[in-house]
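Take a look at the structure below.
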Amino acid sequence: MSVRVRFAPSPTGHLHIGGARTALFNWLYARHTGGKFILRIEDTDVARNTQEATEMILEGLRWLGLGWDEGPLTGEATGPSTGDRGPYFQSQRRENYLRRVEALLSRDMAYERDGAIRFRMRREPIVFHDLIVGEVRRELTDREAEDPDFVIVRSDGKPVFHLTNVADDLEMGVTHVIRGEDHLSNTPKHIALFEAFGVQPPKYAHIPLILNADGTKMSKRDRGASLKMYMEEGYAPEALVNYLVLLGWSPKEDRQFFSLDELIERFDLSEVLRHNARFDLAKLQWMNGQYLSRMEEDRFVELGVHAFARAGLDPGRYPPGYVKAALRTCRNKIKTFGELPEYAGFYFKERLDYDPEAEEKFFTPENRELLERLRETYANLDEWTPGYLEAQLKNLAGLLNIKPAALVHPLRLACTGRRVGPSLYHLMEVLGKETVLRRIDEALARIPPQTPTA
RNA sequence: GACCCCAUCGUCUAGCGGUUAGGACACCACCCUUUCACGGUGGCGGCACGGGUUCGAUUCCCGUUGGGGUCGCCA
């Protein structure tokens with residue numbers, strides 16, 4: 001039987017980073033086995049669900065590159081979808097649930113109490129085999145020992161998660177349930193429900209959770225818990241995917257980088273680890289930087305431009321060749337595109353703002369003459385290449401009997417307003433002679449005059 | 001509290017009875033260097049603890065401790 005897996009998020013907020021990894025594992029398993037990846041929206045709790053949240057989920061999955069074979073096409077519950085087992089919104093499947101409940105009721109496998117409908121849960125422990133965890137034998141908790149039955153339809157008539165989840169998995173022909181380990185303890189309920197419906201339950205694979213760096217549970221409120229942050233802060237989706245897949249799964253090779261095709265080929269449930277993993281932003285950043293360094297130039301430029309635009313700068317007003325050259329000087333320098341506006345915003349600003357500390361340190365009366373000499377030197381050049389600019393600066397440093405760095409720092413500040421940035425000589429080449437000279441003049445205008453020596 | 005899962009450097013992991021316990025990130029030092037980074041070289045750093053089993057345990061079993069999860073008319 002061909003594999004059918006699903007990602008079934010509840011649209012209560014942004015797509016959680018843990019949810020993103022669950023989706024990724026499902027997607028990879030489907031692709032690896034040649035099966036289908038289904039997206040189902042579990043929006044049964046109307047009070048907490050929003051269309052906007054659903055759209056965030058779709059957008060997030062698309063951004064990651066995790067396309068679904070069946071599921072909604074838009075965030076609208078009654079909107080279009082793909083696949084023949086829809087609707088893919090639980091809010092649209094009410095009839096199915098009620099039919100299932102009727103079936104249970106008629107066979108006395110469920111009963112009504114206080115207006116809610118409860119499922120007659122088995123009193124004995126349930127043993128099942130999890131593809132990742134292995135044999136799981138769950139005893140009843142003391143609370144369950146008191147009353148193991150659980151609500152499947154609330155008194156307001158709304159079906160509850162356990163019921164909808166199982167009913168849909170059944171009707172959508174889901175063969176493997178790959179989900180977070182937080183559902184492990186729910187599994188006996190689900191198995192009992194499947195059996196009550198007279199069918200074999202699907203295979204289960206509970207993947208370990210992603211924890212915060214300090215080992216605590218990652219909650220919605222934690223910074224970094226939302227996929228949105230990574231989308232906004234300039235991460236490359238392929239880097240995030242690469243990082244995420246290595247949290248809780250190991251290809252057992254001494255490599256860190258895997259293309260999507262390689263992942264599809266290698267990924268299997270049998271190598272999913274059994275213990276939780278902490279999220280390490282530093283490693284993600286390193287990995288993202290590596291991806292940025294290897295990225296196709298056109299894409300790097302495109303994403304770079306987008307990052308500048310997000311910060312209110314407008315590279316679109318500059319010639320494409322200039323933009324491209326400017327971004328080229330940032331290659332191998334930044335780890336995320338989010339750093340770009342601060343790192344290289346000077347390319348797209350008519351008026352520079354200056355780092356106050358750097359200004360205090362380098363725009364000093366003593367440096368005024370150095371900048372003037374630099375300006376004079378550069379004003380007379382008719383060749384404007386990095387190598388030549390560097391040679392001229394070093395030559396001047398030699399004449400003045402000072403270290404090149406003494407010139408480099410004030411000059412960088414004058415050109416960029418910052419003390420760090422791309423290669424000075426390359427950035428000057430991109431800026432062009434006219435702009436460089438103008439910026440030196442502007443810097444000079446900010447430097448207090450040389451105090452007369454007493 | 002009950003129940004379930006888990007446990008190798010700070011972090012992600014390799015290891016599946018005998019290894020100088022390997023790699024990556026991070027950190028430190030040095031080199032490269034106009035800054036920052038990249039890159040290169042080297043270093044620091046780990047089998048949670050206690051019992052077994054065994055000629056021999058990181059590895060198998062039990063317990064303890066610790067972490068996580070679940071116990072809802074949320075999903």
Side-chain angles (χ1 to χ4, degrees), chain A residues 8-12 42-45 47-49 90 113-118 125 130 132-134 136-146 148 150-162 164-165 179-189 206 208-211 213-218 243 246-257 273-287 289-290 293 330-335 339 343 358 389-390 393-394 397 403-409 411-413 416 418-428:
Chain A
S10 174
T12 54
E42 306 217 331
D43 58 343
T44 52
D45 187 0
R48 292 168 56 191
N49 297 150
Q90 292 195 326
R113 193 171 92 196
D114 301 330
I117 298 173
R118 306 177 144 251
D130 186 281
I132 293 166
V133 184
V136 178
R137 175 191 168 87
R138 238 214 73 174
E139 306 284 343
L140 300 181
T141 66
D142 52 5
R143 242 217 89 264
E144 289 167 338
E146 256 174 56
F150 57 93
V151 171
I152 52 176
V153 181
R154 305 191 297 204
S155 52
D156 65 0
K158 293 278 186 337
V160 166
F161 163 73
H162 300 300
T164 60
N165 188 269
R179 58 181 9 172
E181 198 201 81
D182 49 342
H183 285 296
L184 190 61
S185 295
N186 288 329
T187 304
K189 289 190 174 87
H206 287 91
L209 268 20
I210 298 179
L211 271 24
D214 64 1
T216 56
K217 185 190 183 184
M218 207 182 240
Y243 175 71
L246 259 17
L247 278 188
W249 173 77
S250 171
K252 307 196 188 307
E253 285 180 61
D254 275 344
R255 305 168 49 184
Q256 315 298 320
F257 296 96
L273 283 320
R274 296 171 65 163
H275 57 269
N276 294 164
R278 302 186 188 199
F279 194 89
D280 183 4
L281 187 61
K283 185 164 184 181
L284 203 213
Q285 285 177 337
W286 165 78
M287 184 164 271
Q290 296 291 318
S293 296
C330 301
R331 276 306 268 266
N332 302 319
K333 297 287 194 174
I334 54 168
K335 286 184 173 163
E339 298 166 39
Y343 190 77
L389 291 168
E390 178 174 3
L393 183 141
K394 286 186 170 164
K403 288 184 190 170
L407 294 172
V408 163
H409 294 296
L411 178 58
R412 169 183 292 283
L413 186 61
T416 71
R418 299 287 182 275
R419 54 201 307 177
V420 300
S423 160
L424 177 61
Y425 310 110
H426 289 84
L427 119 218
M428 287 169 65

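Chain letters run A, B, ... following the sequence lines, proteins first, then strands; residues in each count from 1.
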Could you write nucleotides 57-63 of chain B as a row of B, S and -, 5' to 3', where a protein heavy atom under 4.0 Å of any base atom gives B, of only sugar-phosphate atoms gives S, and otherwise -?
-------
Base paired to B:C47 (Watson-Crick or G-U; both N/O distances under 3.5 angstrom):
none
Roughly how many Å apart are B:C27 and B:G18, using the P atom of each and rounding to a whole number?
35 Å
Minimum heavy-atom distance between A:Ser185 and A:Pro188, given as atom pair plus value
O-CD, 3.5 Å
A:Asp182 versus A:His206: any side-chain heavy-atom pair under 4.5 Å?
no
Has the side chain of A:Arg418 got a donor or acceptor atom that lies under 3.5 Å from a matching backbone atom of A:Tyr343?
no
Rounded interatomic separation in angstrom, taking CG from A:Leu281 and P from B:A26
11 Å
Would you kindly give the CZ-to-P distance between A:Phe150 and B:A75, to the nearest whole Å?
13 Å
Sequence neighbours excluded, which residues qualify as side chain to side chain contact (heavy atoms under 4.5 Å, CB included) partners of A:Ala397?
A:Ile402, A:Pro404, A:Leu407
A:Ser250 side chain to A:Leu246 main-chain N or O, any donor-acceptor pair under 3.5 Å?
no
Between A:Glu390 and A:Lys394, is there a side-chain N and carboxylate O pair less than 4.0 Å apart?
yes
A:His426 atom NE2, over 12 foreign heavy atoms within 6.0 Å
no
Less than 3.5 Å apart, any donor N or O on the side chain of A:His409 or A:Arg419 sitting next to an acceptor on the other?
no
In Watson-Crick or G-U wobble terms, with both distances under 3.5 Å, the base opposite B:G66 is B:C6
Hey, which sits more toward the 5' end of RNA chain B by its nearest nucleotide, A:Gly215 or A:Asp156?
A:Gly215
Rounded C1' spacing from B:C73 to B:U64 in Å
40 Å
Return the pairing partner of B:C16 with a 3.5 Å limit on both distances, Watson-Crick or G-U wobble; otherwise return none.
none
Between B:G67 and B:C25, how far apart are the two P atoms, rounded to whole Å?
30 Å
Taking the P atom of each, how far is B:U65 from B:G50, in whole Å?
15 Å
Taking a pair to mean Watson-Crick or G-U wobble geometry with both distances below 3.5 Å, B:C71 pairs with B:G1
Quick one: closest heavy-atom pair of A:Gly248 and A:Pro208, and the distance?
CA-CG, 4.4 Å
Please name the pair of heavy atoms, one in A:Pro125 and one in A:Glu139, separated by the smallest distance, quoted to 0.1 Å.
CG-OE1, 3.4 Å
Heavy atoms, side chains only, cut-off 4.5 Å: are A:Val420 and A:Arg412 in contact?
no
Provide the closest heavy-atom pair for A:Phe279 versus A:Leu247 in the form atom of the first, atom of the second, distance.
CD1-CD1, 3.9 Å
For the residue pair A:Thr44 and A:Arg154, confirm or rule out a side-chain donor-acceptor distance under 3.5 Å.
no
Length of the line joining A:Leu284:CG and B:C25:C1', which is rounded to integer Å:
11 Å
What is the separation between atom CH2 on A:Trp286 and atom P on B:A24, rounded to the nearest whole Å?
9 Å
Take A:Gln290 and A:Arg255, find for each the nucleotide of RNA chain B with the closest heavy atom, and name the residue whose nucleotide sits nearer the 5' end.
A:Arg255
Base, sugar-phosphate alone, or nothing: which one does A:His162 contact when heavy atoms must sit under 4.0 Å apart?
base
Students often get this wrong, so: under 4.0 angstrom with heavy atoms, is A:Asp182 touching a base, only sugar-phosphate, or nothing?
sugar-phosphate
Which whole number of Å gives the distance between the P atom of B:C16 and that of B:U58?
14 Å
Atom pairs under 3.5 Å, N or O on each side, protein against nucleotides 1-4 of chain B: can you list them with distances?
from: B:G1; atom 1: N2; to: A:Asp142; atom 2: OD1; distance (Å): 3.2
from: B:A2; atom 1: O4'; to: A:Asp142; atom 2: OD2; distance (Å): 3.0
from: B:A2; atom 1: O2'; to: A:Asp142; atom 2: N; distance (Å): 3.0
from: B:C3; atom 1: O2'; to: A:Glu139; atom 2: O; distance (Å): 3.1

Between protein and nucleotides 33-35 of chain B, what N or O pairs are separated by less than 3.5 Å?
from: B:U34; atom 1: OP1; to: A:Glu390; atom 2: OE2; distance (Å): 3.3
from: B:U34; atom 1: OP1; to: A:Lys394; atom 2: NZ; distance (Å): 2.9
from: B:U34; atom 1: O2; to: A:Arg412; atom 2: NH2; distance (Å): 3.1
from: B:U34; atom 1: N3; to: A:Leu424; atom 2: N; distance (Å): 3.2
from: B:U34; atom 1: O4; to: A:Ser423; atom 2: OG; distance (Å): 2.5
from: B:U35; atom 1: O2'; to: A:Arg419; atom 2: O; distance (Å): 3.3
from: B:U35; atom 1: O2; to: A:Gly421; atom 2: N; distance (Å): 2.9
from: B:U35; atom 1: O2; to: A:Gly421; atom 2: O; distance (Å): 3.2
from: B:U35; atom 1: N3; to: A:Arg412; atom 2: NH2; distance (Å): 3.1
from: B:U35; atom 1: N3; to: A:Gly421; atom 2: O; distance (Å): 2.8
from: B:U35; atom 1: O4; to: A:Lys333; atom 2: NZ; distance (Å): 3.3

Reading 5' to 3' through nucleotides 27-32 of chain B, protein heavy-atom contacts under 4.0 Å coded B for base, S for sugar-phosphate only, - for none
------
If you compare all heavy atoms of A:Thr216 against all heavy atoms of A:Asp214, which two are closest, and at what distance to 0.1 Å?
OG1-OD1, 2.6 Å
With a 4.5 Å cut-off on side-chain heavy atoms, are A:Ser10 and A:Asp43 touching?
no
B:A21 versus B:A57 - spacing of their P atoms, nearest Å
15 Å
Return the value, rounded to whole Å, for the distance between atom CD1 of A:Ile334 and atom P of B:C38.
13 Å
Rounded off to whole Å, could you give me the CD1-to-P distance for the A:Ile152 and B:C74 pair?
14 Å
Rounded to whole angstrom, note down the C1' distance from B:U19 over to B:G1.
45 Å
Suppose we define a pair by two distances each less than 3.5 Å, Watson-Crick or G-U wobble; what does B:A24 pair with here?
B:U11
At 4.0 Å (heavy atoms only), tell me whether A:Asn165 reaches a base, stays on the sugar-phosphate, or touches nothing.
nothing
Produce the list of close N/O pairs, under 3.5 Å, pairing protein atoms with atoms of nucleotides 9-14 of chain B; give distances to one decimal.
from: B:C12; atom 1: OP1; to: A:Arg278; atom 2: N; distance (Å): 2.8
from: B:C12; atom 1: O2'; to: A:Leu246; atom 2: O; distance (Å): 3.1
from: B:U13; atom 1: OP1; to: A:Gly248; atom 2: N; distance (Å): 2.5
from: B:U13; atom 1: OP2; to: A:His275; atom 2: NE2; distance (Å): 3.2
from: B:A14; atom 1: OP1; to: A:Lys252; atom 2: NZ; distance (Å): 3.1

Could you tell me if the side chain of A:Phe150 sits less than 4.5 Å from the side chain of A:Lys189, heavy atoms only?
yes
So, do A:Ile210 and A:Asn276 sit near enough that their side-chain heavy atoms are less than 4.5 Å apart?
no
For residues A:Trp286 and A:Phe257, establish whether the separation of their ring centroids is below 6.0 Å.
yes
Could you tell me which non-hydrogen atom of A:Asn186 sits nearest to which non-hydrogen atom of A:Phe161, and how far apart they are?
ND2-CE2, 4.3 Å
Given the P atoms of B:C3 and B:C60, what is the spacing between them in whole Å?
25 Å
Go through B:A75, B:G69, B:C71 for me and flag the one nearest to the A:Lys189 side chain.
B:C71
Interatomic distance where CG belongs to A:Asp130 and P belongs to B:U70 [whole Å]:
16 Å
Could you check how far CZ of A:Phe161 sits from C1' of B:C74, rounded to whole Å?
10 Å
